[in-house]
Protein chains: 2
Amino acid sequence: MTSARELAYEVLQRGITSGQYPPGSWLREEDVAAEAGVSRTPVREALHRLQAEGLVQILRHRGAMVVGWTAEDLDHLYDLRVMLECYGVRRAAARCDDIDFPALWALCDEMDELLPHADEHDRQRLGQLCIDFHTTLQRASGNRQLLNLLPTVLGTPFVRQAFHHHTTADLERSFGHHREILEALQAGDGDWADGVMRAHLRHGRRSLQGMERHGQPAELGSETVIRSPDQPTLSSSPAPDIQTGTRAALPSARTTPG
Amino acid sequence: MTSARELAYEVLQRGITSGQYPPGSWLREEDVAAEAGVSRTPVREALHRLQAEGLVQILRHRGAMVVGWTAEDLDHLYDLRVMLECYGVRRAAARCDDIDFPALWALCDEMDELLPHADEHDRQRLGQLCIDFHTTLQRASGNRQLLNLLPTVLGTPFVRQAFHHHTTADLERSFGHHREILEALQAGDGDWADGVMRAHLRHGRRSLQGMERHGQPAELGSETVIRSPDQPTLSSSPAPDIQTGTRAALPSARTTPG
DNA sequence: GCGACACGGTTTGTATCCAACCAGTAGAGG
DNA sequence: CCTCTACTGGTTGGATACAAACCGTGTCGC
């Protein structure tokens, strides 16, 4: 059974990913609640989670705004993924017994099976499978803190939406990387696994190169720079400026493929 | 003005850090609400945030449990800090204009001023200042995603409580590192800054070595392995096992210094 | 004409209420 | 005596109601 909070979270994430809620737009709790068919309470919790993941920004007594992404942000995101996931896979290589190879190979099989004749819905599914693959892999790192960080770098609209932008050839190579990583891990070769993972992620970033042009500039908040006065952060110093929309904004594209 | 949610969050974090809520113990919303002087609603939101940061685990219809930490977890945490913060400081070195040197030097001054005759309360304050220092520093990295990850690695009980365990000599060296990092950044030397940061964090980890023995084993949940059935994670595969309490548990020590 | 102030509408923040769910327990049956 | 089952107490999940804060607008004064 799925909880109301997860329902609201999925509605929000899908809305942001699909472009229904473009960067710079305000998310009114009442509207989202109505769309998800739940009350405001779980919507609020979902919004707070999305803020922790960097997808929205909540301003007290004003509401939640979808944050805009730039090509630079995409670079930064992949920087972090390379660091964290290469570290994790290197650790996993030294802890082969903790790796759930059957599940991982099964994920590879399922992805390969889906790819050749994938429609839009299948693409969505491929994205989830890929996230599952990377998560299952990192679980073997034995680093719980790393697992806590993963949702923030894997749950972004890009990683989810990327599969609508990759070409089939790109995806074939990516899935090949997946299998090669598993081979490296079965051989217990951390260097090998690290290298493939690095290539895998850099290639993934590269094949999103064209994605920047798919974003439509945000209607709202042109030149708007929001200063969040009291973001619930752990620091007592003021929160950083977050600029929304515009510039080379990458507003998570639309559902229809390019 | 401080919101009820932040109030509840601080009460919880302080309670976990101080050992009032030891690992393995259940956090009943009603109790926490009464202690914080608010209603259950903001307490719930605070609990969810703490779960995202890995401090508690929420089980549906059962409640929130304080998770136990091991010496291994501490190693893993510092692994991540080294990776992320060295990356950030290296980037910052290339973007000197974005570094808020006045604020950083001021933080250094305040820490040096507090250290010589620091009582328990001052130690707490020192911990916050140190977190502020690192956060302010990383803000200059220009990587928003990195900033999103920081609370998870800086907000743990250890980083906060560490200052009650470090010796004064250790802290003096640490503060020296802080200043040296700033010097390196002013010189625009990323290698230098990276090196000092790496040393700074490794030294910090090392001088927490004795902290393991300060932890009392959790009373509850001996050998208890909780399988979280539906943790709100981004993966559709089952969540990892999280073991609570006992073993070489590191239950955030007590308020009185060693 | 311009600026400041006050008021109303709208949205969020918090408290309270009801329902669903889990765990432990008492009791019946084997 | 053990085991299985149904009940009950207590806690959380979610919905609703109320209070506080912000924004925009309109009016008054300069």
Side-chain angles (χ1 to χ4, degrees), chain A residues 1-12 15 21 24-52 56-67 220-222 224-233 239 244, chain B residues 1-12 21 24-52 55-67 220-222 224-233 239 244:
Chain A
M1 179 189 153
T2 169
S3 70
R5 184 182 343 119
E6 283 183 74
L7 216 72
Y9 178 78
E10 282 172 24
V11 163
L12 279 167
Y21 305 129
S25 66
W26 292 95
L27 298 169
R28 277 183 307 163
E29 299 176 356
E30 196 72 47
D31 295 352
V32 179
E35 182 168 342
V38 299
S39 95
R40 274 178 51 210
T41 309
V43 172
R44 287 178 51 96
E45 295 179 355
L47 282 173
H48 282 292
R49 182 174 163 203
L50 287 168
Q51 179 180 44
V56 309
Q57 185 176 19
I58 297 175
L59 289 88
R60 269 181 58 161
H61 290 108
R62 294 195 51 196
M65 177 186 270
V66 182
V67 305
L220 295 176
S222 310
T224 307
V225 172
I226 306 285
R227 176 149 203 107
S228 84
D230 53 1
Q231 196 177 11
T233 172
T244 65
Chain B
M1 179 189 152
T2 167
S3 72
R5 184 180 343 117
E6 282 183 75
L7 216 72
Y9 179 77
E10 282 170 24
V11 163
L12 279 168
Y21 305 129
S25 64
W26 292 96
L27 298 169
R28 277 183 306 162
E29 299 176 357
E30 196 72 46
D31 296 352
V32 179
E35 182 169 342
V38 299
S39 94
R40 274 180 50 212
T41 309
V43 172
R44 291 190 42 172
E45 294 182 354
L47 282 173
H48 281 292
R49 182 172 162 204
L50 287 167
Q51 181 180 43
L55 285 176
V56 309
Q57 183 175 21
I58 297 176
L59 289 88
R60 274 181 57 157
H61 288 107
R62 293 197 52 198
M65 178 185 270
V66 182
V67 305
L220 295 175
S222 310
T224 308
V225 173
I226 305 284
R227 177 148 202 108
S228 86
D230 53 1
Q231 196 178 9
T233 172
T244 67

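Keep in mind that the numbers below use all heavy atoms, side chains included, and drop hydrogens, waters and symmetry copies. Below, read A as the first sequence line, B as the second, and so on, with proteins coming before strands; counting in each chain starts at 1.
Rounded to whole Å, the distance from CZ on A/Arg28 to P on D/dC23 is 15 Å. Atom-to-atom, CZ of B/Arg5 to P of C/dT12 comes out at 13 Å; the value is rounded to the nearest Å. Following rounding to the nearest Å, B/Met65 (CE) and D/dT11 (P) show an atom-to-atom distance of 15 Å. Straight-line distance from the CD atom of A/Glu30 to the C1' atom of C/dT12: 11 Å, rounded to whole Å. One atom, CG of B/Leu7, and another, P of C/dT14, lie 10 Å apart when rounded to the nearest Å. Spacing between atom CD1 of A/Ile58 and atom P of C/dT12 amounts to 10 Å, rounded to whole angstrom units. To the nearest angstrom, P of C/dT10 lies 21 Å from CG of A/Leu59.
Applying the side-chain hydrogen bond (donor to acceptor under 3.5 Å, both in side chains) criterion to A/Arg44, with sequence neighbours excluded, gives A/Glu29, B/Glu45.
For the segment residues 36-46 of chain A, the set of residues with a heavy atom within less than 4.0 Å of an atom of DNA chain C comprises A/Arg40, A/Arg44, in numerical order.
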Anything under 3.5 Å between a protein N or O and an N or O of nucleotides 22-25 of chain C, put it in a table, one pair a line.
unit_1, atom_1, unit_2, atom_2, d
C/dA23, OP1, B/Arg62, NE, 3.3
C/dA23, OP1, B/Arg62, NH1, 3.4

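When side chains are defined from C-beta on, B/Arg5 counts as touching A/His48, because their heavy atoms get closer than 4.5 Å. Taking 4.5 Å as the limit, every side-chain heavy atom of A/Val56 sits out of range of all side-chain heavy atoms of A/Tyr21.
The two atoms that bring A/Gly24 and A/Met65 nearest to each other are O-CE, 3.5 Å, heavy atoms only. Between A/Leu7 and A/Ala36, the closest heavy-atom pair is CD2-O, 3.4 Å. When all heavy atoms of B/Val38 and B/Ala8 are compared, the pair lying nearest together is CG2-CB, 4.4 Å. For B/Ser39 against B/Pro42, the heavy-atom pair with the smallest separation is O-CD, 3.3 Å.
Counting heavy-atom neighbours within 6.0 Å of B/Glu30 CD, excluding the residue itself, gives a total of 12 or less.
The line from CZ of A/Arg28 to CD of A/Glu35 is 12.5 Å long, rounded to the nearest 0.5 Å.
Here the nucleotide nearest the side chain of B/Ala4, chosen from D/dG14, C/dT14, D/dT12, is C/dT14.
Among the protein residues, B/Leu27 comes within range of the sugar-phosphate backbone only, with heavy atoms under 4.0 Å from sugar or phosphate atoms but none that close to a base.
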